[in-house]
Amino acid sequence: MNEVQRQNILYLLKILKVLKDIFIKYKSVIRFVVLFLGSYLLLSVLYSFYLKISINSGYFPDYFTNLVARQSAAILETLGYNTILFENHAREGVYLTIKETSTVNIVEGCNSISVIILFVSFVIAFAEKFKKTFLFLLVGMVLVYVVNLIRISILVIALYKYPQHQEVLHSVVFPAIIYGMVFLLWIAWVRMLNPKSEE
């Protein structure tokens with residue numbers, strides 16, 4: 001082994017030592033990132049697979065989006081609004097019309113599954129005991145789903161009553177509701193893991 005090769009090996013060993021020190025120092029951060037990204041990618045791939053196989057399910061555009069449209073319509077009917085649902089293949093969604101004047105197109109992105117995947121990935125990245133994590137995930141997913149149904153129902157009513165504010169309602173206010181809910185659940189989860197953080 002010549003001197004240049006020996007110097008390169010020593011240099012490589014120094015780099016490996018620095019990387020090892022960084023890994024030890026930031027082990028919890030690296031664990032979080034790996035678990036979060038791994039969970040998010042895995043669940044996103046599974047969801048993409050679900051969307052591909054749901055094309056022939058008989059529900060347009062997919063089962064969950066169709067279910068969200070029907071459940072939102074049921075909430076509006078309970079509140080006394082006359083609703084009509086019909087498929088819009090050109091815009092790849094289900095139109096939810098209230099009193100034959102205000103229409104909302106419920107597309108795949110409205111079914112809250114992508115938001116639930118984001119929520120689940122974060123909780124898994126901070127996972128603790130299985131039972132505690134599983135119960136929080138279950139309660140959190142149900143809450144996000146229900147809040148999404150209420151959000152869509154209120155959006156339809158708001159657009160019916162205030163059509164001039166469509167852009168701000170659809171693009172700012174109502175996305176803030178669902179993401180705000182997820183953020184609050186994340187805070188609750190972190191506080192459950194570390195009760196002393198409340199002091």
Side-chain angles (χ1 to χ4, degrees), residues 36 39-124 136-188:
F36 177 79
S39 301
Y40 186 79
L41 290 172
L42 175 65
L43 292 171
S44 296
V45 166
L46 291 173
Y47 183 55
S48 296
F49 180 70
Y50 153 77
L51 288 174
K52 285 181 183 174
I53 63 171
S54 69
I55 292 171
N56 299 319
S57 67
Y59 295 95
F60 181 83
D62 64 88
Y63 177 77
F64 283 113
T65 304
N66 193 284
L67 180 64
V68 165
R70 288 183 282 126
Q71 289 173 332
S72 299
I75 291 171
L76 290 167
E77 290 283 340
T78 303
L79 295 173
Y81 292 95
N82 296 321
T83 61
I84 301 169
L85 284 173
F86 58 95
E87 297 174 1
N88 185 324
H89 291 269
R91 295 195 60 198
E92 297 182 350
V94 178
Y95 271 4
L96 173 55
T97 301
I98 185 171
K99 295 191 177 181
E100 299 180 5
T101 57
S102 179
T103 301
V104 172
N105 186 28
I106 300 175
V107 296
E108 175 269 320
C110 300
N111 66 16
S112 76
I113 302 298
S114 296
V115 178
I116 289 172
I117 288 172
L118 190 64
F119 163 73
V120 168
S121 300
F122 181 87
V123 173
I124 288 174
F136 189 82
L137 283 173
L138 191 62
V139 170
M141 289 188 295
V142 169
L143 274 172
V144 171
Y145 187 84
V146 169
V147 166
N148 186 55
L149 291 176
I150 295 167
R151 172 186 80 111
I152 291 171
S153 303
I154 294 171
L155 175 62
V156 174
I157 294 169
L159 291 176
Y160 171 69
K161 293 189 174 184
Y162 309 103
Q164 69 274 21
H165 300 297
Q166 176 179 351
E167 189 59 37
V168 71
L169 288 170
H170 185 266
S171 302
V172 179
V173 175
F174 288 95
I177 291 171
I178 193 81
Y179 288 107
M181 177 71 189
V182 170
F183 183 71
L184 290 175
L185 285 168
W186 284 347
I187 290 173

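Small disclaimer: the values here were computed from a predicted structure and weren't measured.
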Response to the item:
Nearest heavy-atom approach of Phe60 to Gly93 is CE2-O, 3.3 Å
Fill in: Spatial distance of atom CD1 (Ile98) from atom CG (Leu79) [nearest 0.5 Å]
8.5 Å
Worksheet entry | side chain to side chain contact (heavy atoms under 4.5 Å, CB included) between Leu155 and His170, worked out | CA-CA 7 Å; Leu155 175 62; His170 185 266; 4.0 Å; yes
Worksheet item: What are the two closest heavy atoms between Cys110 and Asn148, and how far apart are they?
Response: O-ND2, 2.8 Å
Worksheet item: Do Ile177 and Ile154 come close enough that some side-chain heavy atom pair is under 4.5 Å?
Response: no
Fill in: Which atom of Leu149 lies closest to which atom of Gln71, heavy atoms considered
CD1-OE1, 3.5 Å
Item to complete: Taking all heavy atoms of Thr65 and all of Glu108, pick out the closest pair and write down the distance.
Response: OG1-CA, 3.3 Å
Item to complete: Determine whether more than 12 heavy atoms belonging to other residues, nucleotides or ligands lie under 6.0 Å from atom CD of Gln164.
Response: yes
Practice prompt. Flag yes if more than 12 heavy atoms outside Tyr47 fall under 6.0 Å of its OH atom; otherwise flag no.
Written response: yes
Worksheet item: Given the rule in the side chain to side chain contact (heavy atoms under 4.5 Å, CB included) test, do Phe183 and Ile187 qualify, once you have shown the distances and angles that lead to the verdict?
Response: CA-CA 6 Å; Phe183 183 71; Ile187 290 173; 3.2 Å; yes
Worksheet item: Going by the angle between their ring planes, with limits at 30° and 60°, are Tyr81 and Tyr160 parallel, tilted or perpendicular?
Response: perpendicular
Discussion item. Can you confirm whether Tyr59 sits close enough to Leu67 that some side-chain heavy atom of one is under 4.5 Å from a side-chain heavy atom of the other?
Written reply: no
Discussion item. I need the minimum non-hydrogen distance between Arg91 and Val107, along with the two atoms involved.
Written reply: O-CG1, 3.7 Å
Item to complete: Take Leu96 and Leu76, measure what side chain to side chain contact (heavy atoms under 4.5 Å, CB included) needs, and give me the verdict at the end.
Response: CA-CA 10 Å; Leu96 173 55; Leu76 290 167; 3.8 Å; yes
Discussion item. If you count heavy atoms of other groups shown closer than 6.0 angstrom to CZ of Phe86, is the number above 12?
Written reply: yes
Item to complete: Please report the C-alpha distance between Glu77 and Thr83 in whole Å, then the side-chain angles of each, then the deciding distance to 0.1 Å, and finally whether the side chain to side chain donor-acceptor pair (under 3.5 Å) criterion is met.
Response: CA-CA 7 Å; Glu77 290 283 340; Thr83 61; 2.7 Å; yes
Practice prompt. Quick one: do Ser39 and Val120 satisfy side chain to side chain contact (heavy atoms under 4.5 Å, CB included)? Show the steps, please.
Written response: CA-CA 8 Å; Ser39 301; Val120 168; 6.0 Å; no
Practice prompt. Report the distance from atom CG of Leu143 to atom CG of Leu184, rounding to the nearest 0.5 Å.
Written response: 10.5 Å
Practice prompt. Any chance you could measure Thr97, atom OG1, to Asn82, atom CG, to the nearest 0.5 Å?
Written response: 11.5 Å
Worksheet entry | Where Ser54 and Pro61 come nearest, the two heavy atoms and their spacing | OG-O, 4.2 Å
Worksheet entry | From CD1 (Ile152) to OG (Ser112), nearest 0.5 Å | 7.5 Å
Worksheet item: Any side-chain heavy atom of Tyr145 sitting closer than 4.5 Å to one from Val68?
Response: yes
Worksheet item: Hey, is OH on Tyr179 packed in by over 12 heavy atoms from elsewhere, all under 6.0 Å?
Response: no
Worksheet entry | Side chains of Trp186 and Leu118 in contact at under 4.5 Å (non-hydrogen atoms) | yes
Item to complete: Taking the side chain as every heavy atom from C-beta outward, state whether Leu137 and Phe119 have any atom pair closer than 4.5 Å.
Response: yes
Worksheet item: Is the backbone of Leu41 close enough, under 3.5 Å, to the side chain of Ser44 for a donor and an acceptor to pair up by distance?
Response: no
Response to the item:
side chain to side chain contact (heavy atoms under 4.5 Å, CB included) with Met141: of Leu185, Ile116, Ile113, Val115, only one passes, and it is Ile116
